[in-house]
Protein chains: 2
Amino acid sequence: MSIVKPTRTGDREAGEGSSAYHHGNLREELVEQALKLAEEGGLSAVSVRAAARLAGVSPAAPFRHFPDKMTLMTAVAEEAMRRFRAEIVLALAQEADDDPMLRIRAIGRAYLDWARRNPTHFEIISSRRSIDFDGSPSLGQENAEIQAQIEALLLEAAQRGLLRSNDRHLIQIAARALVYGLARMLVDGHFPSWQVADADIEGTMAKVLDLFVDGLVKERPRPEP
Amino acid sequence: MSIVKPTRTGDREAGEGSSAYHHGNLREELVEQALKLAEEGGLSAVSVRAAARLAGVSPAAPFRHFPDKMTLMTAVAEEAMRRFRAEIVLALAQEADDDPMLRIRAIGRAYLDWARRNPTHFEIISSRRSIDFDGSPSLGQENAEIQAQIEALLLEAAQRGLLRSNDRHLIQIAARALVYGLARMLVDGHFPSWQVADADIEGTMAKVLDLFVDGLVKERPRPEP
DNA sequence: CAATCATGTAATCATTGATTACATTCATTG
DNA sequence: CAATGAATGTAATCAATGATTACATGATTG
């Protein structure tokens with residue numbers, strides 16, 4: 001019992017012995033190739049046909065697995081979101097300090113870092129014109145878990161008396177807006193007009209994040225050493 | 001001297017007397033129709049051909065005025081940006097108070113209000129994949145003037161000793177990121193997952209803006225009445 | 001082994017951005 | 001005032017893409 005369904009586990013490049021008519025793992029490979037296309041050529045480089053080409057199948061084959069392009073892009077977004085959240089979870093695990101505001105900052109840094117390194121993937125999970133966000137439980141859940149994490153940290157911060165404002169929901173929206181805005185400015189190419197050189201982007205974003213977090217906490221000289 | 005070039009000033013709908021082969025004002029009308037298409041059907045509804053159709057010319061005609069679609073979209077963005085900044089200038093003129101932070105908040109509100117009422121136009125001037133921002137002096141200049149306005153207000157705030165931080169450039173980036181993030185979350189459809197009803201969006205954004213501005217200024221009980 | 005269902009292909013459409021050769025009108029000038 | 005050349009518009013055509021339909025192939029299972 002509980003035997004994993006074989007499905008001729010993916011690997012087709014190696015043996016090549018299979019009959020080669022049926023791919024065996026097309027759905028997942030299409031998602032993978034679409035991610036690759038996005039990474040290499042931006043959002044406009046992602047087409048159903050190009051993904052099919054890379055997967056070595058006909059232009060119509062993808063439509064056996066996805067009713068339309070939007071559904072494919074939604075699956076791509078799900079994979080991107082999984083990676084995105086994994087990185088945030090990792091960053092939180094690596095943050096030793098238990099100061100809730102420091103932990104929130106760590107989330108923000110991981111968020112911005114991932115967006116900087118995966119601009120098009122970030123764009124895919126962000127712009128909800130090319131995906132069906134509401135129709136994907138996976139996307140909704142991953143997103144909700146990130147929010148819940150921050151919510152919990154804000155609650156703890158409030159209990160420790162760190163916060164200036166009592167409206168935590170508002171703080172949360174503000175925090176997300178700031179980080180989303182920074183990431184979007186990055187992928188939308190706004191930084192050149194802000195005299196921020198490419199090499200300085202990481203540092204600048206970190207400083208902006210600090211400035212924002214400082215504005216949230218009650219004014220105190222500074223955490224004494 | 002200084003006689004305005006006639007060019008058969010636009011109006012073609014009325015008289016209809018003209019030969020009807022030459023449009024007379026096609027370039028501007030294409031921009032106008034593209035703006036209308038964006039307004040009514042979102043970014044994906046904007047096509048060169050649709051604009052040509054609405055203008056009553058052949059599919060190839062637009063290419064006499066714009067070498068490619070991106071150039072048309074850039075002209076569309078220029079018009080949208082003009083309207084955008086006009087609204088900000090108006091809001092500043094209507095803000096009687098001379099407190100620089102209140103004036104900055106007024107800019108933020110006008111920004112968010114315009115984006116909320118013109119989501120696709122906002123998207124067009126924001127996403128720099130469909131336009132050639134750097135190739136348009138007009139876009140660069142309007143953008144620079146908004147930035148200069150905020151810079152001046154921040155300088156004044158600093159001189160009055162209102163600011164927590166001394167790094168005004170960083171404050172400016174943070175402010176833009178917050179407002180850009182809010183506007184982007186709006187047009188990208190993120191608010192439903194934040195339990196913010198459509199009717200509350202305006203109020204919520206205003207409160208987030210206040211929260212942010214409060215975080216920038218030095219902690220003082222409150223501006224006494 | 002045969003039936004059936006999942007999965008892939010071929011052929012075809014409509015839409016779109018773009019180009020090229022040709023047509024028409026406007027404006028300048030002899 | 002007509003002729004001529006520059007602007008401006010059209011027709012025809014291409015290649016790429018999303019999508020659909022009829023058909024082919026292979027895997028699963030009774």
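Throughout, a chain's letter reflects where its sequence line sits, starting with A, and its residues are numbered from 1. Side chains included, hydrogens not; waters and symmetry mates left out as well; all remaining heavy atoms used.
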>> Let's see if you can work this out: which of D:dT10, C:dT9, C:dG17 has an atom nearest to the side-chain heavy atoms of A:V57?
In response: C:dT9

>> Starting the side chain at C-beta, find the nucleotide from C:dG8, D:dG18, C:dT20 nearest to A:L26.
In response: C:dG8

>> Please determine whether a side-chain nitrogen or oxygen atom of A:R53 lies at a distance below 4.0 Å from atom OP1 or OP2 of D:dT17.
In response: yes

> Given atom CG of A:D68 and atom C1' of C:dA14, what is their separation to the nearest angstrom?
Replying inline: 17 Å

> Toward the 5' end of DNA chain D, which comes first, B:P59 or B:R49, by nearest nucleotide?
Replying inline: B:P59

> Taking the six-membered ring where the residue is Trp, are the ring centres of B:H190 and A:Y180 under 6.0 Å apart?
Replying inline: yes

> Whole-Å distance between D:dT21 P and A:R64 CZ?
Replying inline: 11 Å

>> Heavy atoms from C-beta onward define the side chain here; which of C:dT9, D:dT10, D:dA19 lies closest to that of A:S58?
In response: C:dT9

> Atom NZ of B:K69 and atom P of D:dA16: how far apart are they, to the nearest Å?
Replying inline: 18 Å

> Testing B:I201, B:L186, B:V179 for side-chain contact (heavy atoms from CB on, under 4.5 Å) with B:L112, which one passes?
Replying inline: B:V179

> Looking across every strand, which nucleic acid part, if any, lies under 4.0 Å from B:S47 by heavy atom: base, sugar-phosphate, or nothing?
Replying inline: sugar-phosphate

> Within the pair B:H65 and D:dG9, is there a side-chain N or O less than 4.0 Å away from OP1 or OP2?
Replying inline: yes

> Rounded to the nearest Å, what distance is computed from the CG atom of residue B:L37 to the P atom of nucleotide C:dT16?
Replying inline: 10 Å

> Can you tell me how far P of C:dT7 sits from CG of A:N25, to the nearest Å?
Replying inline: 11 Å

> Between D:dG9, D:dG18, C:dT7, which nucleotide gets closest to the side-chain atoms of B:A61?
Replying inline: D:dG9

>> Atom CD of residue position B:E28 - does it have more than 12 heavy atoms of other residues, nucleotides or ligands inside 6.0 Å?
In response: no

>> Would you say that more than 12 heavy atoms from the other residues, nucleotides or ligands in this model lie under 6.0 Å from the CD of A:E145, or not?
In response: yes

> Between D:dT21, D:dA12, C:dG8, which nucleotide gets closest to the side-chain atoms of A:A60?
Replying inline: D:dT21

> Which residues satisfy the side-chain hydrogen bond (donor to acceptor under 3.5 Å, both in side chains) test with B:D200, sequence neighbours excluded?
Replying inline: none

>> How many whole angstroms separate atom CG of B:L54 from atom P of C:dT16?
In response: 11 Å

> When you measure from the side chain of A:F63, which nucleotide among D:dT10, D:dT20, C:dT9 comes out closest?
Replying inline: D:dT20

